[in-house]
Amino acid sequence: MSEENLYTFENEAYRKTYWHTCSHVLAQAVKRLHPEVKLAIGPAIEDGFYYDFDSPQPFTPEVLEKLEAEMRKICKEKLRLERFELPRAEALKFMEERDEPYKVELINDLPEDAVISFYRQGEFVDLCAGPHLDSTGRVKGNAIKLTSVTGAYWRGDSSRKMLQRIYGTCFPKKEELDAYLARIEEAKKRDHRKLGKELGLFTFMDEGPGFPFFLPNGMVLKNQLIDYWREIHHKAGYVEISTPIMLNQDLWHRSGHWDHYKDNMYTTVIDDVPFALKPMNCPGGMLVYKSQPHSYRDLPMRLGETSTLFRNEDSGEMHGLIRVRQFTISEGHLVLRPDQLEEEFKGCLDLAKYCLGTVGLLDKCTFRFSQWDPANPNNKYEGTAEQWEHAQSTMAKILDDLDVHYSIGIDEAAFYGPKLDIQYKNVFGKEDTLVTIQIDMLLAQRFGMYYIDENGNKALPYIIHRTSLGCYERTLAYLIEEYAGALPTWMAPEQ
């Protein structure tokens, strides 16, 4: 990046630093006008910033207007942001004296040898690692906008207190803010939640939060996509299977989901045996493969399944059809010899790109190579470091051979292997994973899946887990927003 762009919004690091400073300006404004409010956290995010507060009074639109005015005043004061550090004991005392219990908790959770840093701007001080701009005067006061207030559990834990989260954004020029707000207004018109209701496609009921009800026109649209998937995958050599939506605890232990995913699973007891509704199709597909012996000549075996899955998503994470607790997905599980891996991976990627191109979403997709984090403190991953390095280096070579341009996501891998995530942003700029292609070198051994090689010996296959249209609910949300409800003729429920 050229030197003249270092301190512009073209530089992501500067943009994040700018918005992080804005979050401190917001917190200072809140403390000036409402000194009884307790501070939580306030990071920069993709299109601005937020700050979480524990306030006895709600932040109404009228309050937000007053906070914006105070923020503009703070910017005009051109307060210097000064970083300082304190030993742990002094840092705790400092926050206790200021009666900031959330900051005290954060300090207590830091390692004993952590550097505990603060930033001061005028009378306001906040616990923070930074970085920040050098002065509040760098923030364009007349380009500040506080956009919304939502509830947010402290530290994302639904058993903790619900705080108030104020979202905002700011730009170096007022014209840029106006353009951003215009885009948001357009996004509201395209919001699939609004259009889905107007077009009679789907709805949600209090009797099932996070569980969508598809209406007649919505089912026509959904079934059109499923029929398209079935036709394309039959031509691509997939055989279709169906596995139970509920399986016993032993299977989920064997697959690793019980250890790594249990909090997101719905469980019950049948005949004194714990069962779980399936959050993924993978284990059922593994059992189908195991149900018969296989030779190297049988591979690759491409298994496809359309099924309903269930995931216990946090209520604060749900968003229309994009993130729900029940959804339908057409997945593929390919069982193959190691020498077939690159060819089959390429086939999976080509098929996903073809399907996404057909429905009109491919041009806005980006690719992320999701890798493990060997330092993950939660022991999130199965297998050894050597197995992971082998899987990731193999996948990196394949992606490079296929000339895939990707970003890298550390600690974004599945617990059993790295993956290529095809990412998509909704109309509000929030990014989610639309399609995944995962390389798995571990589950075959856990399930005792073998094939007889050309020498008559038992050998472990590799597995590719993949989708081509993602889950239908999320894909439909993106299609409704992309086309503003005017869907292509071939999939539209009404011509």
Side-chain angles (χ1 to χ4, degrees), residues 5 7-31 33 37 39-53 55 59-61 63-76 79 81 119 121 124 126 128-153 156 163-191 316-317 319 322-323 366 423-432 481:
N5 289 332
Y7 300 103
T8 71
F9 267 33
E10 291 183 27
N11 180 358
E12 182 181 4
Y14 178 80
R15 189 168 68 244
K16 296 295 186 184
T17 300
Y18 189 99
W19 283 333
H20 193 184
T21 303
C22 290
S23 76
H24 278 224
V25 173
L26 167 60
Q28 184 175 16
V30 169
K31 291 297 283 188
L33 301 183
V37 169
L39 303 174
I41 58 172
I45 53 176
E46 189 163 355
D47 56 356
F49 58 92
Y50 71 77
Y51 209 109
D52 290 346
F53 301 97
S55 171
F59 290 115
T60 63
V63 172
L64 293 188
E65 287 183 11
K66 294 177 181 177
L67 289 174
E68 284 180 7
E70 191 64 30
M71 291 176 72
R72 288 191 285 271
K73 179 180 175 183
I74 292 169
C75 293
K76 289 181 180 179
L79 303 174
L81 279 90
Y119 278 83
Q121 56 197 60
F124 177 76
D126 202 354
C128 187
H132 286 284
L133 304 179
D134 61 351
S135 167
T136 61
R138 302 282 187 190
V139 175
K140 192 73 170 178
N142 69 347
I144 290 173
K145 181 64 178 177
L146 299 181
T147 53
S148 63
V149 181
T150 65
Y153 291 113
L163 307 178
Q164 293 185 70
R165 175 171 294 176
I166 299 179
Y167 285 96
T169 193
C170 183
F171 292 85
K173 297 179 182 179
K174 177 67 162 55
E175 296 81 2
E176 293 173 326
L177 173 66
D178 292 340
Y180 170 79
L181 295 177
R183 289 197 303 272
I184 293 300
E185 285 305 308
E186 177 62 23
K188 289 178 181 177
K189 296 175 185 177
R190 289 174 172 263
D191 190 336
E317 294 294 321
H319 178 80
I322 291 176
R323 190 172 293 275
T366 57
Q423 303 291 104
Y424 193 90
K425 291 182 180 179
N426 69 9
V427 289
F428 294 101
K430 172 68 169 62
E431 182 177 278
D432 281 297
E481 293 180 352

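This is a predicted model, so every value here is computed, not measured. The residues of the chain are indexed from 1 along the displayed sequence.
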- Query: More than 12 non-hydrogen atoms from neighbouring residues, nucleotides or ligands closer than 6.0 Å to NZ on Lys145, yes or no?
  - Reply: no
- Message: Could you report the tightest heavy-atom contact between Val37 and Lys31, atom names first, then the distance?
- Response: O-NZ, 2.7 Å
- Do Ile144 and Cys75 pass the side chain to side chain contact (heavy atoms under 4.5 Å, CB included) test, and can you show the C-alpha distance, the side-chain angles, and the key distance before you say yes or no? CA-CA 10 Å; Ile144 290 173; Cys75 293; 3.9 Å; yes
- Query: Do Arg138 and Thr21 have side-chain heavy atoms sitting under 4.5 Å apart?
  - Reply: no
- Lys174: partners by salt bridge (charged side-chain N to carboxylate O under 4.0 Å, His left out), with sequence neighbours left out: Asp178
- Item | Nearest atoms (heavy-atom pairs only) where Thr366 meets Glu431 | OG1-OE1, 4.0 Å
- Got a sec, which residues hit ring-ring contact (aromatic ring centres under 6.0 Å, His included) with His319, two or more places apart in sequence or on another chain? His192
- Query: How far does OG1 of Thr60 sit from CD of Glu65, to the nearest 0.5 angstrom?
  - Reply: 8.5 Å
- For Glu186, check salt bridge (charged side-chain N to carboxylate O under 4.0 Å, His left out) against everything at least two apart and list the hits. Arg190
- Query: Quick one: do Lys140 and Glu176 make a salt bridge, cutoff under 4.0 Å?
  - Reply: no
- Thr8 vs Tyr14 side-chain heavy atoms within contact, under 4.5 Å: no
- Could you tell me which residues satisfy ring-ring contact (aromatic ring centres under 6.0 Å, His included) with Phe53, sequence neighbours excluded, listed by chain and number? Tyr51, Phe59
- By ring-ring contact (aromatic ring centres under 6.0 Å, His included) - contacts of Tyr180 (at least two apart): Phe171
- Shortest non-hydrogen separation from Trp19 to Ile45 and the atoms involved: CE3-O, 3.5 Å
- Task: Determine whether Phe124 and Leu39 make a side-chain contact, defined as any pair of heavy atoms from C-beta on separated by less than 4.5 Å.
- Result: yes
- Note on the structure: For residues 14-30, the salt bridge (charged side-chain N to carboxylate O under 4.0 Å, His left out) pairs (sequence neighbours left out) are none
- Item | Closest non-hydrogen atom pair, Val139 against Cys170 | CG1-SG, 3.7 Å
- Message: Using 0.5 Å steps for rounding, measure from the CD atom of Gln121 to the CG atom of Leu133.
- Response: 10.5 Å
- Message: Please check: side-chain N/O of Thr169 versus main-chain N/O of Asp47, any donor-acceptor pairing under 3.5 Å?
- Response: yes
- Message: Please determine whether side chain to side chain contact (heavy atoms under 4.5 Å, CB included) holds for the pair Glu46 and Lys430, giving the CA-CA distance in whole Å, both sets of side-chain angles, and the decisive distance to 0.1 Å.
- Response: CA-CA 8 Å; Glu46 189 163 355; Lys430 172 68 169 62; 5.8 Å; no
- Message: Could you check whether any side-chain N or O of Thr136 sits under 3.5 Å from a backbone N or O of Ile74, counting only pairs where one atom can act as donor and the other as acceptor?
- Response: yes
- Is the side chain of Glu68 donor-acceptor paired with the backbone N or O of Leu146 at a distance under 3.5 Å, no angle test? yes
- Message: I'd like to check Asp191 versus Glu481 (side-chain heavy atoms, cut-off strictly below 4.5 Å). Are they in contact?
- Response: yes
- Message: Within this structure, what is the SG-NE2 distance for the pair Cys22 and His132, rounded to the nearest 0.5 Å?
- Response: 10.5 Å
- Residues Lys188, Glu185; criterion side chain to side chain contact (heavy atoms under 4.5 Å, CB included); working and verdict: CA-CA 5 Å; Lys188 289 178 181 177; Glu185 285 305 308; 3.2 Å; yes
- Query: Just wondering, do Asn426 and Ile322 contact through their side chains at under 4.5 Å, heavy atoms?
  - Reply: yes
- Is there a side-chain contact between Pro43 and Phe49 (heavy atoms, below 4.5 Å)? no
- What are the two closest heavy atoms between Ala44 and His20, and how far apart are they? CB-N, 3.8 Å
- Task: Evaluate the criterion side chain to side chain contact (heavy atoms under 4.5 Å, CB included) for residue pair Ile166 and Leu67; output intermediate values, then yes/no.
- Result: CA-CA 11 Å; Ile166 299 179; Leu67 289 174; 3.9 Å; yes
